[in-house]
Amino acid sequence: MGQIIVLDQNMVNMIAAGEVVERPASVVKELMENSIDAGATKITVSVEDGGRKLISVADDGCGMDAEDIARAFEPHTTSKIKTSADLQGISTLGFRGEALASIASVAQVRAVSRTPDSTQANYIEIDCGNKGGVSPCSADFGTTIHIRDLFYKLPARRKFLKTANTETSHIIEQFTRVALGFYFVSDPALHNKQQGAAGRNLDLTLIHNGRELYRLSGKQILRQRIGELFPMLPAGASEDFIEAESSERGLHIFVLLGTPGVSRTSNKFQYIFLNGRFIRDKFISHAIKEAYRGLLEPDRFPVVFLFVGMPYEDYDVNVHPTKIEVRFYNANLVYSQVLACLREKLLSTNLETYAKLPAKETPPAAGHRDQRITDAIAEFLKRHRPAQARQAGASPERHFPAVHAGAGQVAESISQPASKTGDEQRRFIQIHDSFIVAQTDDGFVIIDQHALHERIIYEYLRRRISTGSLESQKLLMPESFEISEGLADVIEGNAELFEKLGIELVPFGPRTMAIQAFPSLLANVAPLDFVRDLIDLLDRKVAGPDAEKLLEEVLNMAACKAAVKAGQKLSDSEIEQLLTDKGLAESVSRCPHGRPTTIKFSISELEKQFKRT
Ligand code: ADP
Ligand code: MG
């Protein structure tokens, strides 16, 4: 007997829902997109308990009549495409005709809608696929859809939902994408620079448990809106975010580029929009990375808001159920134009203060490295001469952020390095302001100053933290910063870690915190930058809290920030300090990222190279 049966429609919808409806935030995305497609100018999203209890989205769009509202929740029903030819140029956010049917198959739904030319509204209720009839009611024009108890008949799916806080932060993320996407979505050929389609943006509100999280006015220009959505980014400042624009061969680009000073530890702050749709695209991401090459340290990611406009026929959105990926017909053009537009702007902007550091810090390719080592040896042999013969280094007054700054008991036990004793010559030099070449008993070593210092600080931090907290120092002036709702929870959830690190944060006003105390060991690190990056890092780790690994990452970050950089001239006493610390530290041969800190050369090797043996 045949084993195969045809699944009933509700089962089909539930299975489809697995693709489209992953969590409450997916529902928010689909409903907001429908509202935009319906021509809304105002959307209010209200959620309860992270969207698990209720999600409601109300708009003032074109609405639906009785016939349409009944049909909208059937599978494969859409007003956005009619023939296969329409698939060639999708101008709406939706087109697959499956979102409402999928959502209605896994939750309790009530939809109310009224078209502007009708005096009466209609509503329909659906409980996990069981549809009631359409009945008249009274309501404003537009559409409101309430989704209650998502996945309540699917315990396995419901179990996968995270805490209300986590779900809310996903909702905020989707809300943010829609709120930004609507910029530059007029006719892609025209591109009204300031506003969206109707010459203005949308009024958008997000409410959680009755509390208003965001109320964004349609009159906002892009920078203002980014400022509201990301209070921690200095989006309004023209020196922190620069604009670039280019238009060639039907491809229009507008981009707001964060300078290296506002870079982050993840690429979470890279928003790419294509004709109003938030997308992820590996070509564009790569182009962004390339554009910043040499301007950022390797573990930093730029903050970028990129808006691409192009004819709808030039790409396919029908490749991913949630339409987050597209296929460009000419991906090379997109890549090269994005890269050229960003790169030109970055290189023609005065970013000097930052550009110096990282260029030398990128881990060199193998061939490259050999060359650098050869150069280093040549330099060493050429320049190795007594201290007094060499011109003076950096100002001797400069405070060297050695680990012993806040660690009296370790510092006292240090014996002076050989180079200091009596008439001994100095046995090291700094080359290219990045490497230190130092003589050893049986040859010499080349030290990567940043990598070594980073390692020493890391080890020291580790030791201190394993026996208690880091010493901290009260800031003379507490430094305040704004945080979003989700990040407040991140701070609260990691209170113990902050304490261990010696960072004291206190509430300082609505959505504002202040740094009151900061570890003395990180005295040369800007507290505000550090705390922001730390919160970013903790935010990313919310899903899998492996405390030990997290701590390691935090300490890595702290060490990297506190260490001297490549490109920084060191005075003789600073180099001596570094060499002394190297002698004391336990395992300094690799920096915390795994790169070597020191390369050794023995006399016998040299003799072999020079054919003396
Ligand atoms: P799609 O958006 O892919 O067409 P959906 O299942 O999301 O599919 O929606 C089905 C149809 O319901 C839409 O094509 C649209 O005609 C109608 N619709 C959905 N939401 C709204 C809304 N907020 N206002 C007016 N019409 C809507
Ligand atoms: Mg839709």
Side-chain angles (χ1 to χ4, degrees), residues 9-10 12-22 25-46 55-84 86-87 89-107 109-118 121-126 129 131 134 139-147 174-175 177-178 181-182 197 202-205 275-278 312 316-324 326:
Q9 192 56 54
N10 204 29
V12 172
N13 294 346
M14 279 167 91
I15 291 168
E19 284 187 331
V20 183
V21 190
E22 188 197 345
S26 346
V27 175
V28 170
K29 169 186 187 282
E30 293 296 337
L31 296 184
M32 288 183 84
E33 289 189 350
N34 278 346
S35 297
I36 289 181
D37 285 343
T41 64
K42 186 174 172 205
I43 306 176
T44 303
V45 181
S46 185
I55 299 162
S56 97
V57 175
D59 68 46
D60 62 352
C62 66
M64 288 176 271
D65 62 18
E67 189 184 345
D68 278 351
I69 200 171
R71 196 167 281 162
F73 292 88
E74 295 291 323
H76 315 300
T77 51
T78 181
S79 56
K80 299 170 194 175
I81 51 171
K82 289 196 169 63
T83 65
S84 62
D86 294 339
L87 276 177
I90 305 265
S91 61
T92 46
L93 293 169
F95 66 91
R96 297 169 62 104
E98 61 185 8
L100 292 186
S102 300
I103 295 166
S105 71
V106 292
V109 175
R110 178 184 162 91
V112 183
S113 195
R114 197 189 110 195
T115 57
D117 51 8
S118 154
N122 293 290
Y123 78 92
I124 187 169
E125 286 179 340
I126 302 144
K131 205 161 87 170
V134 176
D140 253 352
F141 75 85
T143 303
T144 302
I145 298 185
H146 305 272
I147 312 292
Q174 291 297 346
F175 179 85
R177 293 175 184 179
V178 172
F182 205 63
L202 300 159
D203 289 321
L204 293 174
T205 307
N275 291 340
R277 186 189 307 281
F278 175 91
Y312 302 117
D316 186 3
V317 280
N318 193 19
V319 292
H320 194 279
T322 63
K323 296 156 285 185
I324 197 164
V326 301

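The chain is numbered in sequence order, starting from 1. Read the numbers this way: they start at 1 and go in the same order the structure lists the ligands and their atoms.
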List every atom of ligand 1 that sits less than 4.0 Å from any heavy atom of [X], numbering the atoms from 1 in the order shown and giving each element.
{"X": "Gly94", "value": "2 (O), 3 (O)"}
{"X": "Met64", "value": "17 (C), 18 (N), 21 (C), 25 (C), 26 (N), 27 (C)"}
{"X": "Phe95", "value": "1 (P), 3 (O)"}
{"X": "Thr78", "value": "1 (P), 4 (O), 14 (O)"}
{"X": "Ala72", "value": "10 (C), 12 (O)"}

Can you tell which part of Asp59 has a heavy atom less than 4.0 Å from ligand 1: side chain, backbone, both or neither?
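Asp59 to ligand 1: side-chain contact only, backbone stays beyond 4.0 Å.
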Against ligand 1, does Gly97 come closer than 4.0 Å with any heavy atom?
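A heavy atom of Gly97 does come that close to ligand 1.
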For Arg96, state whether at least one heavy atom is located under 4.0 Å from any atom of ligand 1.
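The answer is yes, since Arg96 has a heavy atom less than 4.0 Å from ligand 1.
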Under a 3.5 Å distance rule, please check whether [X] uses its side chain to pair with a backbone N or O of [Y] as donor and acceptor.
{"X": "Thr92", "Y": "Asp37", "answer": "no"}
{"X": "Asp86", "Y": "Thr83", "answer": "yes"}
{"X": "Arg114", "Y": "Ser118", "answer": "yes"}
{"X": "Ser113", "Y": "Met64", "answer": "yes"}

If you measure from CD1 on Ile324 to CZ on Phe278, what distance do you get to the nearest 0.5 Å?
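It comes to 5.0 Å.
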Residues Asn34, Lys29; criterion side-chain hydrogen bond (donor to acceptor under 3.5 Å, both in side chains); working and verdict
CA-CA 9 Å; Asn34 278 346; Lys29 169 186 187 282; over 6 Å; no
I need the nearest protein heavy-atom contact for [atom]: residue, atom name and distance, please.
{"atom": "atom 25 (C) of ligand 1", "result": "Ala38 CB, 3.6 Å"}
{"atom": "atom 2 (O) of ligand 1", "result": "Lys80 NZ, 2.6 Å"}
{"atom": "atom 6 (O) of ligand 1", "result": "Leu100 N, 2.9 Å"}
{"atom": "atom 16 (O) of ligand 1", "result": "Ser79 OG, 2.5 Å"}
{"atom": "atom 20 (N) of ligand 1", "result": "Asn34 CB, 3.3 Å"}
{"atom": "atom 11 (C) of ligand 1", "result": "Thr77 O, 4.0 Å"}

Could you tell me if Thr41 and Asp60 have a donor-acceptor pair between their side chains, going purely by distance under 3.5 Å?
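Yes, because at least one side-chain N or O of Asp60 sits under 3.5 Å from a partner of the opposite role on Thr41.
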Looking at ligand 1, does any of its N/O atoms fall within less than 3.5 Å of an N/O of Ala101?
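In fact, backbone or side chain, Ala101 has no N or O that close.
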Within a strict 4.5 Å, meaning less than it, do heavy atoms of the Val326 and Asp316 side chains meet?
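Val326 does not reach Asp316 side chain to side chain.
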Within the stated cut-off of 2.8 Å, is an N/O/S atom of Asn34 closer than that to the Mg ion (ligand 2)?
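Looking at Asn34, which is the residue asked about, there is an N, O or S atom under 2.8 Å from the Mg ion (ligand 2).
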Does Glu74 come within less than 4.0 Å of Lys131, counting only side-chain N to carboxylate O?
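Counted as a salt bridge, because a side-chain N and a carboxylate O are separated by less than 4.0 Å.
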Lys42 with Asp59: basic N within carboxylate O range, under 4.0 Å
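Asp59 and Lys42: not salt-bridged.
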